[in-house]
Peer 1: 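Just dropping this structure here.
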Amino acid sequence: MSRPAAIVGIGQTKHKKRRDDVSLPGLVREAAQRALDDAELGWTDIDAVVLGKAPDPFEGVMMPELSMADALGAVGKPIMRVHTAGSVGGSTALVATHLVQTGIHDRVLTVAYEKQAEGNAQWGLAGGRSGGMGAGGIFAPWMRSYMARAGAPEHIGWMVAVKDRRNAAKNPYAHLQMPNLTIDEVKDSPMLWDPIHWHESCPSSDGACAMVITTEDGAARSPHPPAWVLGTAMRSELGTFPGRDPVRPQAGVECAHLVYEAAGIRDPRQQVDIAELYVPFSWYEPMWLEGHDIAGPGEGWRMVESGETQIDGSFPVNPSGGVLSSNPIGASGMLRFAETALQVRGRAGEHQVPDATVGLAQAYGGAAQYFAMWVVGSTLDAVDQKR
Amino acid sequence: MTPAATEPDDDNSVKMMDYFMQLEYREPLCPVVRRYADQLLEGRLIGHQCPSCGLVYLPPRGYCPICVVETTDADETVLSDRGTVTNYTVVTPVQYYGQHETEPFVRASVTLDGGNATMNLQDLVDVPVDEVRVGMRVAAVWKPKGERSVADISNRSWGSAEGCIDGWRPTGEPDAPAEQFLGKATF
Ligand SMILES: [Zn+2]
């Protein structure tokens with residue numbers, strides 16, 4: 001029997017190209033302290049810590065979950081690390097949630113981070129060899145396939161890039177601040193990996209995100225409204241196998257259906273108020289709208305084109321500015337999860353979607369093979385209120 | 001380890017220094033990958049065809065993860081070293097320590113003749129990047145026998161033949177119809 005879990009504290013750092021004002025432990029502590037402050041809890045109130053980040057070679061710091069125990073107040077407490085490539089921030093939040101839901105711990109601090117400026121992710125991804133093509137080079141052919149399959153015109157990618165940067169301009173924590181970016185500037189920016197232009201690609205960021213997840217009792221004592229976890233799901237598949245469809249990976253389809261079922265959602269497009277999807281390259285917005293059956297085949301890009309996914313549209317996607325605006329890799333998934341919780345708590349500030357009560361977060365990683373999703377609500381029956 | 005450049009900050013103070021660490025190690029190849037590597041040295045591409053679903057794995061894994069059945073030497077099949085470009089991208093190289101590419105280069109998926117086996121992230125040779133297209137017919141360019149190396153083949157290789165094949169060269173045959181492949185990415 002699982003018990004309810006609630007998010008009562010959320011913290012994040014300012015994300016930027018280089019946070020050389022703090023060390024690695026200082027960076028994670030900044031986010032964690034803000035999450036504790038939000039929950040009005042102290043370090044001694046925490047029972048366990050769950051940490052996530054991208055693979056160690058990105059910064060060259062091995063097993064940071066050990067060296068950071070001190071900075072995270074975890075000495076003498078259980079601390080664990082989650083590894084699921086780019087989706088790790090999402091999976092890390094889910095592991096923390098499950099520790100509460102299963103009754104193992106009452107108050108869990110979950111933290112995810114990346115300090116890209118202290119390492120070289122391109123070197124790490126290439127294993128130090130020449131000819132590295134980065135994540136964008138792996139994903140680019142699949143975007144071309146999506147465009148052909150869905151009959152999507154190329155300006156859709158440019159529109160997503162502009163939308164997310166304008167949303168980020170409302171988010172003081174976001175790395176890229178480009179309130180005036182235009183479609184033409186995206187279109188005319190250098191082509192990095194055909195069809196991905198410079199402005200359709202995520203930045204390289206330093207940053208961290210943290211949340212405090214607790215029980216119903218903990219939520220009752222929270223000084224601010226909690227966000228309730230209404231459903232969780234994780235799925236993965238092999239990164240390559242004959243016949244694999246990387247545009248619409250089966251693991252992503254199954255993960256979405258599992259989380260909808262867990263949350264009692266029959267029609268995500270109608271019953272979800274705001275979605276935070278992992279979109280490091282513009283085309284992944286329509287690809288995930290279809291890959292998670294929010295939109296039908298060929299309908300994802302039409303939702304973008306009609307403005308449905310804008311912050312004032314009927315299905316806002318990435319009001320935070322998304323991965324396209326801040327990419328501290330390990331934290332990028334958790335930022336999606338944290339933003340949905342902020343939204344249903346009504347604490348998202350200038351990028352708040354009015355009256356958002358149900359939020360859907362997703363993170364993916366590897367060769368689009370690891371998926372993590374949750375649905376959060378302002379109340380335990382928030383989805384039922386939407387029938 | 002490789003000492004590299006220091007990067008002065010806006011105020012000209014040095015706050016970070018690059019310092020690359022490298023650990024070189026050799027892991028024994030599992031028997032099915034060992035045989036794949038040995039066959040590459042002979043100029044042959046081999047795969048395992050799952051006895052249950054018929055899909056061909058290149059390199060062979062010794063099992064079909066979809067059917068969860070073992071595959072053995074009995075399931076070995078020699079694959080064509082000719083195929084069709086079924087997907088590609090043009091990569092603008094990011095400069096990092098060890099990157100030797102300076103100009104945009106192509107990485108293509110080549111689906112081999114006679115089946116479903118696809119080799120991903122393949123280099124194309126003797127064709128300008130702006131002439132690459134889906135449907136293009138290509139053939140493997142094998143290195144001369146004595147110059148082949150399988151040092152970069154690992155148990156986790158994604159169908160790599162680097163070290164034995166320089167890339168894939170257009171054959172000049174008429175293109176296969178692109179509509180057959182567009183929108184049907186595989187990986
Ligand atoms: Zn099989």
Side-chain angles (χ1 to χ4, degrees), chain A residues 18 20-21 57 60 62 117-134 136-152 190-198 201 204 237-250 298 367-369, chain B residues 2 4 7 9 15-16 18-22 47 49-50 53-58 61 64-66 86-101 104-109 115-118 120-121 123 129 134 152 154 156 158-159 162 178-179 181-187:
Chain A
R18 193 206 271 199
D20 54 14
D21 57 319
M62 300 298 123
E118 286 207 16
N120 191 322
Q122 298 299 330
W123 181 82
L125 278 170
R129 294 199 182 97
S130 183
M133 45 201 292
I138 301 285
F139 297 139
W142 308 344
M143 297 177 203
R144 299 163 61 92
S145 278
Y146 169 77
M147 293 164 77
R149 183 186 299 191
M191 187 70 90
L192 293 186
W193 306 276
D194 191 3
I196 312 170
H197 292 82
W198 168 264
S201 177
S204 169
E237 70 184 32
L238 287 172
T240 172
F241 57 87
R244 175 175 189 238
D245 181 358
V247 177
R248 181 182 156 84
Q250 188 62 26
Q369 72 200 95
Chain B
T2 317
E7 223 184 304
D9 210 343
K15 290 184 176 158
M16 255 182 240
D18 284 352
Y19 194 82
F20 293 102
M21 303 278 293
Q22 198 170 346
Q49 181 163 32
C50 171
C53 68
L55 291 172
V56 173
Y57 289 86
L58 184 170
R61 295 172 190 263
C64 171
I66 298 171
T86 49
N87 212 335
Y88 71 94
T89 188
V90 178
V91 180
T92 305
V94 174
Q95 296 309 312
Y96 54 84
Y97 179 82
Q99 170 73 286
H100 304 307
E101 301 287 348
F105 60 94
V106 171
R107 285 291 178 269
S109 295
N116 63 272
T118 299
N120 296 304
L121 313 180
D123 198 6
V129 291
V134 169
D152 282 345
S154 80
R156 291 166 300 282
W158 291 359
E162 212 182 312
E179 314 78 68
F181 312 108
L182 288 169
K184 291 180 193 149
T186 185
F187 195 80

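Proteins come first, then strands; the chains are lettered A, B, ... in the order of their sequence lines, and each starts at number 1.
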Peer 1: Can you name the nearest heavy-atom pair linking A:P242 to B:L55, along with the distance?
Peer 2: O-CD1, 3.6 Å
Peer 1: Counting heavy-atom pairs under 4.5 Å with chain B, which one of A:A148, A:P57, A:G131 comes out on top?
Peer 2: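 With the most close heavy-atom pairs to chain B, the winner is A:G131.
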Peer 1: What part of A:D245 is in contact with chain B, defined as an atom under 4.5 angstrom from a non-hydrogen atom: side chain, backbone, both or neither?
Peer 2: both
Peer 1: Kindly indicate whether the side chain of A:I138, heavy atoms from C-beta on, has any atom under 4.5 Å from the side chain of B:L121.
Peer 2: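 Touching, per the 4.5 Å side-chain cut-off.
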Peer 1: Of all the heavy-atom pairs spanning A:S130 and B:H100, show the shortest one and how long it is.
Peer 2: OG-N, 2.8 Å
Peer 1: Please name the pair of heavy atoms, one in A:W193 and one in B:T89, separated by the smallest distance, quoted to 0.1 Å.
Peer 2: C-OG1, 3.7 Å
Peer 1: Would you call B:N87 and A:S145 a side-chain contact if the rule is heavy atoms closer than 4.5 Å?
Peer 2: yes
Peer 1: Check whether B:V56 gets within reach of chain A through its side chain, its backbone, both or neither, counting any heavy atom under 4.5 Å.
Peer 2: backbone
Peer 1: Give the minimum heavy-atom separation between B:Y97 and A:W123, together with the two atoms involved.
Peer 2: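 Nearest heavy atoms, B:Y97 then A:W123: O-CD1, 3.0 Å.
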Peer 1: Of the backbone (N, CA, C, O) and the side chain (C-beta and beyond), which part of B:Y88 lies under 4.5 Å from a heavy atom of chain A, both, or neither?
Peer 2: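 Both the backbone and the side chain of B:Y88 come within 4.5 Å of chain A.
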Peer 1: Using a 6.0 Å cut-off, check whether atom CD of B:E162 has over 12 heavy atoms from anything other than its own residue.
Peer 2: no
Peer 1: Give, as side chain, backbone, both or neither, the part of A:F241 having an atom under 4.5 angstrom from any heavy atom of chain B.
Peer 2: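 Both backbone and side chain of A:F241 come within 4.5 Å of chain B.
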Peer 1: B:R61 and A:T240: which non-hydrogen atoms are nearest, and at how many Å?
Peer 2: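 That closest heavy-atom pairing would be NH2-O, 2.6 Å.
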Peer 1: Return the minimal non-hydrogen interatomic distance between B:F187 and A:R244, and the atom names on each side.
Peer 2: O-CB, 3.3 Å
Peer 1: So for A:M191, is it side chain, backbone, both, or neither that comes closer than 4.5 Å to the heavy atoms of chain B?
Peer 2: backbone
Peer 1: Measuring heavy-atom distances to chain B, does A:E118 have an atom under 4.5 Å in its side chain, in its backbone, in both, or in neither?
Peer 2: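 When you check distances to chain B, atoms from both the backbone and side chain of A:E118 fall under 4.5 Å.
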Peer 1: For chain B, which candidate among A:G137, A:G132, A:P195 shows the most heavy-atom pairs at distances under 4.5 Å?
Peer 2: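 With the most close heavy-atom pairs to chain B, the winner is A:G132.
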